S.K.: 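Below is the structure I would like to discuss, written out as structure tokens.
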Amino acid sequence: MLIEMNGTQHKTQATTLQRLCDELEFDPLVVATALNGDFIPREERGITGLTNGDRVEIFAPMQGG
Amino acid sequence: MLELYGRQLESRLMLGTAQYPSPDLLSQAVRRSGAQIVTVSLRRESAGTKSGHAFWTLIQDLNVNVLPNTAGCQTARDAVNTAKMAREVFSTNWIKLEVIGDEASLQPDPFGLVEAAKTLAADGFEVFPYMTEDLVLADRLLQAGCRVLMPWGAPIGTGRGLNNVLGLSMLRTHFPEVPLVVDAGIGAPSHAAKAMELGYDAVLINTAVAKAANPAAMADAFGKAVEAGRLGFEAGLMPKQDTAQPSTPVFGAPFSPFG
């Protein structure tokens, strides 16, 4: 299926947010996730299904002022 | 001693972590400043880069309090979602709430700020709102559940110091019991000292340290300026007056016409 991942088109076999994180080799404890603009808590990634056209965003710590 | 949301802090200087020439210079600056709070952010992470992981490890090694921000958010909804993500990643209820209303000046959106602050405070967050020095806005934010306020000195990154000293003084006088932090716009140690002399509880600096020729030395300078300004405030500044008053007693001075 085709999703939007951090603003760019991304082809994936992952059916859940958790599987997408695994596929992309993100450390699950150091990233936060959002689906279609809404925060998805870490413990809900495994039960959050992905469908074609979803907007997924994955965030990590960064410098800030 | 400074107390913010129940946490006791010896340092009244808060430091941003962005724009340093290198991670090592960031660490040196934080250590030399004596800051016990640093601000951090969340950004999109590219697959496999792990840059966020390395940064987070560096911050954890500094053993300071972390204050995540919602920089870049332009709506209350985005800010609330970002805050929730920051809470999960950084394991803290603290959030520096930024809702930007104008791209040119990066002026906070007061309406979005109050809306987001209400939602976040009700959800257990301890909110540090980045705001203008508006008294009514301050009151609304306190009603929303904020127990710290962070008015700007000048637009972010300008280094212009305290643009509205009178407004900042009025805010201080209006809310004597609320911890107030000048955030943004401070460009020189003297600006930070001035904020502290006004009775502000702390200042937050980023660009002025990060963009200095020697960030660690500038961090040290800001640490000292904040201490000096605070001590001056506590010591009680003399009242200003418009006419000269001789500091040396005139009576009995050599050749004095006054006797």
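What you see is a predicted model; the values in this text were computed from it and never measured. The chains referred to below are lettered A, B, ... by the order of the sequence lines, with proteins before strands, and numbering in each begins at 1. Worth knowing before you read on, the calculation uses all heavy atoms, side chains too, and leaves out hydrogens, waters and symmetry mates.
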S.K.: Identify which of B/R44, B/E98, B/M85, B/R43 forms the greatest number of heavy-atom pairs closer than 4.5 Å to chain A.
M.R.: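 Greatest number of close heavy-atom pairs with chain A: B/R44.
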S.K.: Flag yes if more than 12 heavy atoms outside A/R19 fall under 6.0 Å of its CZ atom; otherwise flag no.
M.R.: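 Atom CZ in A/R19 is not packed in, count stays at 12 or less.
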S.K.: Checking B/R77 against chain A: side chain, backbone, both or neither under 4.5 Å from a heavy atom?
M.R.: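 Contact with chain A: side chain only.
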S.K.: Among B/N81, B/I59, B/N206, single out the residue with the greatest number of heavy-atom pairs under 4.5 Å to chain A.
M.R.: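 Highest number of heavy-atom pairs under 4.5 Å: B/N81.
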S.K.: Is there a side chain to side chain contact (heavy atoms under 4.5 Å, CB included) between B/I205 and B/V226 once you walk through the steps?
M.R.: CA-CA 11 Å; B/I205 320 282; B/V226 166; 6.0 Å; no
S.K.: Got B/K118 and B/E115 here, is their nearest side-chain heavy-atom distance under 4.5 Å?
M.R.: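 Counting from C-beta outward, B/K118 and B/E115 never come under 4.5 Å.
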S.K.: Any side-chain heavy atom of B/E88 within less than 4.5 Å of one from A/P41?
M.R.: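 Yes, at least one pair of side-chain atoms sits under 4.5 Å.
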S.K.: So how far is it from A/D54 CG to A/H10 NE2, rounded to the nearest 0.5 Å?
M.R.: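 Reported value, rounded in 0.5 Å steps: 12.5 Å.
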S.K.: Among A/V30, A/I40, A/T33, A/V31, which residue has the highest count of heavy-atom pairs closer than 4.5 Å to chain B?
M.R.: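 With the most close heavy-atom pairs to chain B, the winner is A/V30.
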S.K.: Name the region of B/Y130, side chain, backbone, both or neither, that has any atom closer than 4.5 Å to a heavy atom of chain A.
M.R.: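 No part of B/Y130 comes within 4.5 Å of chain A.
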S.K.: For B/N69, which atoms come within 4.5 Å of any heavy atom of chain A: side chain, backbone, both, or neither?
M.R.: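 When you check distances to chain A, only side chain atoms of B/N69 fall under 4.5 Å.
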